[in-house]
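No experiment lies behind these values; they were computed from the predicted model shown. Index from 1, following the sequence.
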Amino acid sequence: MKKLTTILILCLLSLKGFSTHQVEDYLIYNDDTLFFYESPLEQIDNIAGKIGRIRKSESLSSGCWRGFYAEWKLIDSVLYLSKVFACDNDDIINKTIEKVLKRKFDNGLLSADWVNGYLWCLIEIVCEHTL
């Protein structure tokens, strides 16, 4: 029985390696689109729970467990949040973010002054070769 339990635990742990790819926040910088490894919004304690309570959304996707993804802009070395989208219907939920953060977007941008440390991004490059 102990051997069977150990095998089941190892099988369940190995499933994490095949987990669903998460919808990524993205950064618009000059003419490039970069994809964040982690959402800068996640530096705010329990952000997904706070958004979920306001939206009362019950539709969660395994590809978007937070329930949202965001668009960011880097302008003059300042990081701004520009849009937050609900995963269940792609609606822009900036009003919800304003309630959670108790701050307003100004001309479609919200300074992300809560962000500290390094943010890792991935740039997507598409190459076409002709033989």
Side-chain angles (χ1 to χ4, degrees):
M1 184 66 174
K2 187 176 180 181
K3 187 175 184 178
L4 179 61
T5 303
T6 303
I7 291 171
L8 286 174
I9 289 171
L10 289 174
C11 287
L12 289 173
L13 290 174
S14 70
L15 289 177
K16 183 162 177 58
F18 300 105
S19 61
T20 305
H21 180 74
Q22 295 295 301
V23 176
E24 299 162 319
D25 285 14
Y26 59 94
L27 172 69
I28 309 284
Y29 177 63
N30 294 329
D31 291 330
D32 292 322
T33 301
L34 304 139
F35 298 91
F36 282 113
Y37 284 107
E38 293 180 7
S39 174
L41 280 167
E42 291 185 86
Q43 290 188 8
I44 298 168
D45 189 42
N46 192 27
I47 188 73
K50 292 172 183 176
I51 291 171
R53 279 192 292 280
I54 291 172
R55 291 196 67 241
K56 296 179 177 76
S57 176
E58 296 183 22
S59 173
L60 289 177
S61 163
S62 63
C64 189
W65 61 267
R66 291 184 314 236
F68 66 87
Y69 64 99
E71 175 187 272
W72 302 82
K73 294 185 179 182
L74 190 61
I75 303 169
D76 297 328
S77 300
V78 177
L79 182 64
Y80 293 96
L81 177 61
S82 57
K83 294 178 189 164
V84 181
F85 303 91
C87 287
D88 54 356
N89 56 16
D90 290 326
D91 283 349
I92 296 173
I93 58 169
N94 287 7
K95 294 289 185 196
T96 301
I97 298 302
E98 289 178 338
K99 289 178 186 175
V100 169
L101 299 180
K102 295 177 177 60
R103 297 173 58 190
K104 298 280 185 192
F105 283 80
D106 183 22
N107 292 322
L109 299 173
L110 191 137
S111 175
D113 54 13
W114 67 87
V115 174
N116 59 43
Y118 290 97
L119 298 172
W120 293 92
C121 292
L122 171 71
I123 186 168
E124 185 173 296
I125 301 172
V126 178
C127 299
E128 293 183 26
H129 298 282
T130 311
L131 297 176

What's the separation between atom CD in Glu71 and atom CG in Leu109, rounded to the nearest 0.5 Å?
9.0 Å
Flag, side chain of Asp25 to backbone of Glu38, donor-acceptor distance under 3.5 Å:
no
So do the side chains of Tyr69 and Ser39 get within less than 4.5 Å of each other, counting heavy atoms only?
no
Gap separating the CG atom of Leu110 from the CZ atom of Arg103, nearest 0.5 angstrom:
4.5 Å
So for atom CG, which belongs to Asn107, do other residues, nucleotides or ligands contribute more than 12 heavy atoms lying within a distance under 6.0 Å?
no
Separation between CD1 of Ile97 and NZ of Lys83, rounded to the nearest 0.5 Å:
14.5 Å
If I take atom CD1 from residue Ile28 and atom CG from residue Leu74, how far apart are they, to the nearest 0.5 angstrom?
11.0 Å
Linking I/L/V/M/F/W/Y whenever their side-chain heavy atoms sit closer than 4.5 Å, directly or via other members, would Ile54 and Phe105 fall into one cluster?
yes
Check for me, please, whether Leu79 and Ile44 land in the same ILVMFWY cluster - side-chain distances under 4.5 Å, paths through other members count.
yes
Should Asn46 and Arg53 count as side-chain neighbours, where that means a heavy-atom distance under 4.5 Å?
yes
Only one of Val23, Thr96, Ile47 passes side-chain contact (heavy atoms from CB on, under 4.5 Å) with Phe68, and that residue is Ile47
Determine yes or no for a side-chain-to-main-chain donor-acceptor pair under 3.5 angstrom, with Asn94 supplying the side chain and Val84 the backbone.
yes
Hey, what do you get for CG (Leu101) to CG (Leu81), rounding to the nearest 0.5 Å?
7.5 Å
Within the 3.5 Å criterion, strictly below it, is a donor on Asn89 or Asp91 matched to an acceptor on the partner's side chain?
yes
With no hydrogens and no angle check, is any side-chain donor or acceptor of Gln43 less than 3.5 Å from a backbone partner on Asn116?
yes
Any link between Ile92 and Tyr26 through a network of hydrophobic side chains (Ile, Leu, Val, Met, Phe, Trp, Tyr) touching at under 4.5 Å?
yes
Please say whether more than 12 non-hydrogen atoms of neighbouring residues, nucleotides or ligands are located less than 6.0 Å from OH in Tyr29.
no
Joint hydrophobic cluster, Phe85 plus Phe35, side-chain heavy atoms closer than 4.5 Å
yes
Working to the nearest 0.5 Å, report the span between NZ of Lys99 and NZ of Lys104.
9.0 Å
Looking at side-chain heavy atoms only, is the closest gap between Leu41 and Trp72 below 4.5 Å?
yes
Are Ile93 and Trp114 co-members of a hydrophobic cluster defined by side-chain heavy atoms under 4.5 Å apart?
yes
